[in-house]
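Down below is the structure, laid out as structure tokens.
This structure is a prediction, so every number in the text was calculated from the model and none was measured. Whatever order the structure lists them in is the order used to number ligands and atoms, beginning at 1.
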Amino acid sequence: MKVIVTGDHAGMTIRNAVKELLEEKGIEYEDAGCSCETSVDYPDYALPAAERVASGEFDRGIFICGTGIGMSIAANKVKGIRCALTHDTFSAKMTRKHNDANVLAMGERVVGPGLAREVAEVFLETDFDGGRHANRLGKVDEYENK
Ligand code: RB5
């Protein structure tokens with residue numbers, strides 16, 4: 001699995017916690033987020049990273065900002081992206097099983113690094129259930145392709 005991690009200035013601590021997890025698990029990743037402490041604009045990071053997931057270059061994305069909201073709004077504008085804004089492990093599991101989410105968004109002003117790491121772990125380790133959920137996602141795709 002290849003993962004792209006990105007984030008703005010407001011998500012550096014959680015981004016580092018997620019990167020630590022990926023390193024420990026030996027998961028290949030790229031950090032495409034900002035490297036500075038100055039203020040940046042989250043769409044400049046969310047949109048190109050989401051395009052790289054949608055193109056198939058990466059299997060999953062983990063996008064971090066202050067709340068996760070801006071990252072999720074921007075990512076979900078990219079065709080083929082199913083970004084879930086999730087700060088608990090139950091939702092992380094369900095959004096993989098039922099929604100086949102390919103991007104996880106989290107906010108570091110909402111959760112600490114320990115929980116963020118667990119949420120990311122569940123997100124990466126849970127498979128899509130398919131079946132009736134695939135039919136439902138097909139309806140979303142149909143709308144997206146109109
Ligand atoms: C930056 O201050 C903040 O607005 C951004 O990180 C994010 O939370 C937006 O949704």
Side-chain angles (χ1 to χ4, degrees), residues 1-128 133 136-146:
M1 181 188 295
K2 277 180 74 181
V3 177
I4 185 164
V5 179
T6 196
D8 68 4
H9 58 284
M12 303 248 332
T13 306
I14 283 191
R15 182 148 45 103
N16 286 335
V18 167
K19 282 161 60 180
E20 248 178 56
L21 169 77
L22 295 169
E23 268 157 38
E24 280 170 30
K25 295 214 162 271
I27 296 172
E28 193 182 338
Y29 75 91
E30 179 179 318
D31 181 1
C34 78
S35 55
C36 55
E37 293 293 340
T38 58
S39 187
V40 296
D41 298 333
Y42 61 81
D44 295 340
Y45 294 88
L47 294 168
E51 282 179 354
R52 293 175 75 187
V53 175
S55 74
E57 184 183 352
F58 291 91
D59 304 297
R60 306 266 171 87
I62 301 181
F63 296 3
I64 317 284
C65 63
T67 59
I69 297 170
M71 282 287 173
S72 62
I73 289 173
N76 278 316
K77 297 292 182 194
V78 175
K79 191 174 170 182
I81 292 300
R82 293 174 300 280
C83 176
L85 170 60
T86 298
H87 293 113
D88 67 275
T89 53
F90 175 76
S91 302
K93 182 163 93 177
M94 296 313 289
T95 200
R96 285 290 312 131
K97 285 168 76 70
H98 287 194
N99 313 121
D100 198 17
N102 48 12
V103 175
L104 167 69
M106 292 189 284
E108 118 165 13
R109 294 172 183 162
V110 185
V111 280
L115 180 53
R117 191 191 142 105
E118 283 190 25
V119 171
E121 189 169 11
V122 170
F123 175 76
L124 294 171
E125 290 182 350
T126 307
D127 291 328
F128 179 45
H133 304 295
R136 291 164 185 164
L137 287 176
K139 294 188 177 190
V140 177
D141 289 347
E142 206 176 297
Y143 180 84
E144 191 174 55
N145 289 321
K146 259 203 303 204

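Between the side chains of E118 and T89, no donor-acceptor pair is found at a separation under 3.5 Å. Between the side chains of D88 and S91, at least one donor-acceptor pair of N or O atoms lies under 3.5 Å.
With salt bridges taken as basic N to acidic carboxylate O contacts below 4.0 Å, one links E24 and R117. With salt bridges taken as basic N to acidic carboxylate O contacts below 4.0 Å, one links E30 and R52. A salt bridge is defined here as a Lys NZ or Arg NE, NH1 or NH2 lying under 4.0 Å from an Asp or Glu carboxylate O, and E125 with K93 fails to meet this definition.
A cation-pi arrangement is absent between R96 and F128 under the rule of less than 6.0 angstrom and at most 45 degrees off the ring axis.
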Anything under 3.5 Å between an N or O on ligand 1 and a protein N or O? List each pair with its distance, or write none.
unit_1, atom_1, unit_2, atom_2, d
ligand 1, 2 (O), R109, NH1, 3.3
ligand 1, 6 (O), D8, OD2, 2.6
ligand 1, 6 (O), G66, N, 2.8
ligand 1, 8 (O), G66, N, 3.3
ligand 1, 8 (O), T67, N, 2.9
ligand 1, 8 (O), T67, OG1, 3.1
ligand 1, 10 (O), T67, OG1, 3.3
ligand 1, 10 (O), G70, N, 2.8

